[in-house]
Amino acid sequence: MSVKVRFAPSPTGRLHVGNIRAALVNWLFAKQQEGVFILRIDDTDRDRSTKENEDAIHEDLKWLGLNWDETFRQSDRFDRYNAVVADLKAKGLLYPCFETTEELDMKRKIQMGRGMPPVYDRAGLSLTNEQITAFKAEGRKPHWRFRLTTPARVEWTDLIRGPVSIDMESVSDPILIRADGSFLYTLPSVVDDVDYKITHIVRGEDHVTNSAVQGQIFEAIGGKMPKMAHFAMLAGKGGEALSKRLGSMSIGSYRDEIGLEPMSVISLLGRLGTSLPITAFLNPQELIETFDFSTFSRGVAKLDPQEIEHLNAKILHQTSFNDVIDRLDGADENFWNAVRPNIKKLSDIKEWARIIEGPVTPLIDNPEFAHAALEALPQGEFNASTWKDWTNRVKETTGIKGKELFKPLRLILTGQGFGPDLGTLLPLIGRETAIKRLQGEEA
RNA sequence: GGUCCCUUCGUCUAGUGGCCUAGGACGCUGCCCUUUCACGGCGGAAACACGGGUUCGAGUCCCGCAGGGAUCACCA
């Protein structure tokens, strides 16, 4: 049977590294198995879901190259969910509850205070008809809970965590329908997984208890629980939960503000927290081939944003001219090859372009040296051997060599102490500009 | 607080009782290349949280302790 997986983001915000990891892991698995990767938009929360966020999700996934085979919105399937609800009610598996959020909060606090797990007491289950009519007369509307069946534990063999066993005594009957009649994600998710014949649910470990609950819902609606794989969460550099500082950083900002290559993100997230080495990949092929649930660690991995930047630089250093040609604003191959080893982000090329074209303020420590260098400048158009010829002549006439020779010339010609190989840079700067800079003029 | 999970170099990790004087990758660092920096190539330093057991022998098994993560929403 061919694999079918889904990535199910909620369009209530922008995608961040945590989301992307979930998307990537599902995508890699699907690609490797030659299966189907579904993008499901979990927009049951109509108030917080927006079209803008949905568009942004599409944009971000496309940028990363995580193409999907199928996509749909949960909000288009409310009829189907309602039908399932009717069925569940008929089976007596759904029961109305009238507590307010505050009342539930209070109950939980009391339980916690007594050292008890904050599990719903199922008060709604024992409501008399009189009580129910009274609540309704008060204007209260019910929310609906799913009656968890009695087996003490729900168990499965997780592709990442191994044998999992959840004590259902510590889990509350899940609310499936809000008082306003809208769905929480719990039921639609299960219904969709059944209807779309999802074979593997691959998501973060924050969902393990949900999986136990949903396992029972799968059975209740006549479906079968797919194979499960729960990967560990990611933490920030210092071990803090990824949610705040880093997690709040949308993938869009990696692209737009920091200007990173998508493959740097893919390279890191595809390997972080696994036993496979983190490497700068130019394309996802090897990641797809080597993908393996058994390499995933059960512990929380720390993500250092610097690692993405390192990978980004390495990727750029290996990127050929043809692969960036349409992002170079018309710059030619000589320029790219000269500048490539010295950039960390693609946008760094702007700075080198400026250094070539000017204006650059030459840094001259020793005017005599600058003068001597100017005198030694070869005639004619600059070419690939100009630099070597020139520096040889400067060495002969001044007796200066090595670092003492190159460093000052670099500072004069570029205003920088470091940079691309001057042999290739010099012809790009050109004779006229070079002369001006050697004379100490800004050019 | 209940439940579940984790704890080996700075970081991601290999390791399922002797093959471990603990291996790889990133980072760091040294050397080489380049008559300079960077790029690249080749080396190096660097870890079994702690305390008890079990065993001829423990990173590897057991117990404890400490630390960390997840979850316990009318969010997903």
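Values reported hereafter were calculated over all heavy atoms of this structure, with side chains retained and with hydrogens, waters and symmetry mates removed. To find a chain, count down the sequence lines: A is the first, B the second, and so on, and within it residues start at 1. Keep in mind it's a predicted model, so treat the numbers as computed, not measured.
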* Check every strand shown and say whether A:His317 touches a base, only sugar-phosphate, or nothing at a heavy-atom separation below 4.0 Å. => sugar-phosphate

* To do: Using both distances under 3.5 Å as the test, list the Watson-Crick or G-U wobble partner of B:G57, or none.
  => none

* **Distance-only donor-acceptor test, A:Arg410 side-chain atoms vs B:C37 base atoms, 3.5 Å** => yes

* Ignoring backbone atoms, test whether A:Thr295 places a side-chain nitrogen or oxygen under 4.0 Å from the OP1 or OP2 oxygen of B:U13. => no

* Give a yes or no on whether a donor-acceptor pair under 3.5 Å exists between the nucleobase atoms of B:A76, that is its base, and the side chain of A:Asn210. => yes

* To do: Using distance alone, with no hydrogens and no angle criterion, decide if A:Ser320 and A:Asn322 have a side-chain donor and acceptor under 3.5 Å apart.
  => no

* Examine the side chains of A:Tyr81 and A:Asp192 and answer whether a donor and an acceptor come within less than 3.5 Å of each other. => yes

* Asked: How far does the C1' atom of B:C61 sit from the matching atom of B:G15, given to the nearest Å?
  -> 15 Å

* **Identity of whatever pairs with B:A38 - Watson-Crick or G-U, under 3.5 angstrom** => none

* **P spacing across the pair B:C65 / B:G1, given as an integer number of angstrom** => 13 Å

* Among B:U35, B:U3, B:G27, the one nearest A:Lys314 by side-chain distance -> B:G27

* ring centroid sep under 5.5 Å plus plane angle under 30, A:Phe406 with B:U36 -> yes

* Asked: What nucleotide, of B:U71, B:C4, B:C74, holds the atom closest to the side chain of A:Arg178?
  -> B:C74

* Side-chain donor/acceptor of A:Thr391 to base of B:U35, under 3.5 Å -> yes

* Asked: Expressed in whole Å, how much space separates the C1' atoms belonging to B:C56 and B:C50?
  -> 26 Å

* Asked: Looking at A:Arg108, does any N or O in its side chain come under 4.0 Å of the phosphate oxygens OP1/OP2 on B:A73?
  -> yes

* Check every strand shown and say whether A:Asp421 touches a base, only sugar-phosphate, or nothing at a heavy-atom separation below 4.0 Å. => base

* To do: Mind listing the closest non-hydrogen atom pair of A:Gly13 and A:Asn53 along with its distance?
  => N-ND2, 3.3 Å

* Are the ring of A:His207 and the base ring of B:A70 both nearer than 5.5 Å at their centres and tilted by less than 30°? -> no

* To the side chain of A:Ser275, which of B:G27, B:G1, B:U13 is closest? -> B:U13

* Structure fact -> Closest non-hydrogen atoms of A:Leu428 and A:Ile356, given as atom of the first, atom of the second and distance, are O-CG2, 3.3 Å

* Write down the distance separating the C1' atoms in B:G30 and B:C5, rounded off to the nearest Å. => 41 Å

* Structure fact -> Winner on side-chain proximity to A:Val300, out of B:U3, B:G69, B:A70, is B:G69

* Is the NZ or CZ atom of A:Arg145 both under 6.0 Å from the centre of the six-membered ring of A:Tyr120 and within 45° of that ring's axis? -> yes

* Could you measure between the two P atoms, the one in B:U7 and the one in B:G27, and give it in whole Å? => 25 Å

* Can you check the A:Asn342 CG to B:A38 C1' distance for me, whole Å? -> 4 Å

* Test log, rule ring-ring contact (aromatic ring centres under 6.0 Å, His included), inputs A:Phe406 and A:Trp387 -> CA-CA 11 Å; A:Phe406 291 96; A:Trp387 172 252; 5.7 Å; yes

* Side chain of A:Met233 - closest among B:U11, B:G69, B:A38 -> B:G69

* To do: Report the nucleotide, chosen from B:C12, B:C75, B:U36, that has the shortest atom-to-atom distance to any side-chain atom of A:Lys302.
  => B:C12

* Tell me which nucleotide among B:U13, B:C37, B:U35 gets nearest to the side chain of A:Ala301. => B:U13

* To do: Could you check whether A:Asn392 gets within reach of a base, just the sugar-phosphate, or nothing at all, counting any heavy atom under 4.0 Å?
  => base

* OP1 or OP2 of B:U13 less than 4.0 angstrom from a side-chain nitrogen or oxygen of A:Ser297, does that happen here? -> yes

* A:Lys407 side chain N/O closer than 4.0 Å to the phosphate oxygens (OP1, OP2) of B:C37? -> no

* To do: Taking only the side-chain heavy atoms of A:Ala179 (C-beta and beyond), determine which of B:C74, B:C39, B:G27 contains the nearest atom.
  => B:C74

* Would you find a donor on one side and an acceptor on the other, under 3.5 Å apart, between the side chain of A:Arg203 and the backbone of A:His230? -> no

* To do: Counting heavy atoms from C-beta on, name the nucleotide in B:A76, B:C4, B:C12 closest to the side chain of A:Arg153.
  => B:C4

* Asked: Does B:C4 pair with anything, Watson-Crick or G-U wobble, both distances under 3.5 Å, and if so, with which nucleotide?
  -> B:G69

* To do: Return the nearest nucleotide to the side chain of A:Leu104; candidates are B:C74, B:A76, B:U35.
  => B:C74

* **B:U71 to B:G57 separation - C1' atoms, rounded to the nearest Å** => 41 Å

* When the nearest nucleotide of RNA chain B is assigned to A:Ser10 and to A:Gly115 on a heavy-atom basis, which residue is associated with the more 5' position? -> A:Gly115

* Asked: In the strands shown, is B:A25 matched to any nucleotide by a Watson-Crick or G-U wobble pair with both distances under 3.5 Å, and which?
  -> B:U11

